[in-house]
Amino acid sequence: MAISGAFINGATDTANASSYNFGSFSLGSAGMIVVVAEARASGNISVSSVTVDGASATIVSDNSNPSAVQNPVCIAVKEVSDGSRTVVVNYSSTALRAACQVYLVTGYASTTPSDTDSGYSAASPTSLTATLSFPANGFAIYGHLHGNTGLASFSAATEDYEAQIESLVDVSSGSKTGSSDPDTETVSWSTGANYGYAAAVWAPAAASSGAPHYYYQQQAAAV
């Protein structure tokens, strides 16, 4: 069956904190909730945990582990039923501002991604490139943060969300379906700035084999 991803919503928080409750997100169906989380700190910090309704989500892509960074970005997942889900992201130390975006993915083979990528640069480039090995008709999600308010653009993915936080940083997330191996996605902005990013791609579930099963049942009944 085809894999499908729907962007639900995003949120930002300007508080200086080590734990951010981004509130409730209404999903619309059961499936895999995907949380993209970005933060900015004055020093190096790491993602401690992501929870959905108080239960731990699995962090599948994270640029802050094993080495803490100034711009931690991660992707976390959890299978959920339909309804509204509260998202909390926790960090190892105080961040200056943070954001998250929530997706709902259905038709996936496993919550474990086929491939992931993440990175961080303390220099001042004007782009980053994420590289993923796509399975056939895979679905990928990307999250990024850079340290100024120049708007970001994705080379091929659909930009689902973008926000400037306190006129100091830009965060965005995007998604796309593809089959390239390897596949590169470039996020660009106008003025040089340090950055962080995380990306993951999932394979679609295998097609049902119900028809042959029905055929053998019919043959057995005829004997």
Side-chain angles (χ1 to χ4, degrees), residues 1 3-11 13 18-39 45-69 71-93 95 98-120 130-135 138-145 157 160-161 171 173-177 185 196-206:
M1 65 185 296
I3 190 170
S4 177
F7 173 68
I8 303 302
N9 209 345
D13 195 323
S18 60
S19 181
Y20 292 88
N21 185 332
F22 290 105
S24 184
F25 297 83
S26 181
L27 302 181
S29 71
M32 176 176 66
I33 187 173
V34 180
V35 178
V36 182
E38 307 97 350
I45 65 172
S46 58
V47 181
S48 297
S49 65
V50 178
T51 67
V52 177
D53 284 351
S56 293
T58 301
I59 298 173
V60 296
S61 184
D62 180 7
N63 75 343
S64 71
N65 281 302
S67 299
V69 296
N71 302 330
V73 181
C74 78
I75 296 175
V77 302
K78 186 173 179 59
E79 288 190 310
V80 293
S81 57
D82 188 11
S84 294
R85 300 286 173 258
T86 299
V87 172
V88 176
V89 183
N90 300 300
Y91 293 93
S92 62
S93 190
C100 86
Q101 300 86 52
V102 171
Y103 291 78
L104 192 281
V105 178
T106 57
Y108 51 92
S110 170
T111 58
T112 302
S114 298
D115 196 18
T116 64
D117 191 17
S118 64
Y120 167 75
T131 302
L132 294 171
S133 296
F134 267 65
F139 179 75
I141 294 176
Y142 308 83
H144 114 284
L145 178 150
D160 300 308
Y161 180 88
V171 299
S173 66
S175 59
K176 69 180 179 185
T177 300
E185 181 67 34
Y197 75 91
V201 61
W202 291 267

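Only a predicted model underlies this, so the values are computations on that prediction, with no experimental measurement involved. All residue numbers in this chain count up from 1 along the given sequence.
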Which residues satisfy the side chain to side chain donor-acceptor pair (under 3.5 Å) test with [X], sequence neighbours excluded?
X	result
S110	none
D82	none
K78	none
S175	D160

Please report the closest heavy-atom contact between [X] and [Y], naming both atoms and the distance.
X	Y	result
V73	H144	CG1-N, 4.4 Å
C100	V87	SG-CG1, 4.4 Å
V60	T111	CG1-O, 4.4 Å
S61	A198	OG-CB, 3.6 Å
A199	A130	CB-CB, 4.2 Å
I75	W202	CG2-CH2, 4.2 Å

Which residues satisfy the side chain to side chain contact (heavy atoms under 4.5 Å, CB included) test with [X], sequence neighbours excluded?
X	answer
A95	Y20, A39, I45
S133	D115, D181
S4	T106
S56	none

By ring-ring contact (aromatic ring centres under 6.0 Å, His included) - contacts of Y103 (at least two apart): F7

Below 4.5 Å, heavy atoms only, C-beta onward: do [X] and [Y] meet side chain to side chain?
X	Y	answer
V102	N9	no
S18	S93	no
P113	V201	no
L104	F25	no
D62	S118	no

Can Y197 and D117 be counted as having a side-chain donor-acceptor contact under 3.5 angstrom?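 Distance-only check passes for Y197 and D117.
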
For S92 and S48, indicate whether the former's side chain and the latter's backbone hold a donor-acceptor pair under 3.5 Å. no

Quick test of your reading: applying salt bridge (charged side-chain N to carboxylate O under 4.0 Å, His left out), list the pairs with at least one residue in residues 45-61, sequence neighbours left out, ordered by first then second residue. D53-R85

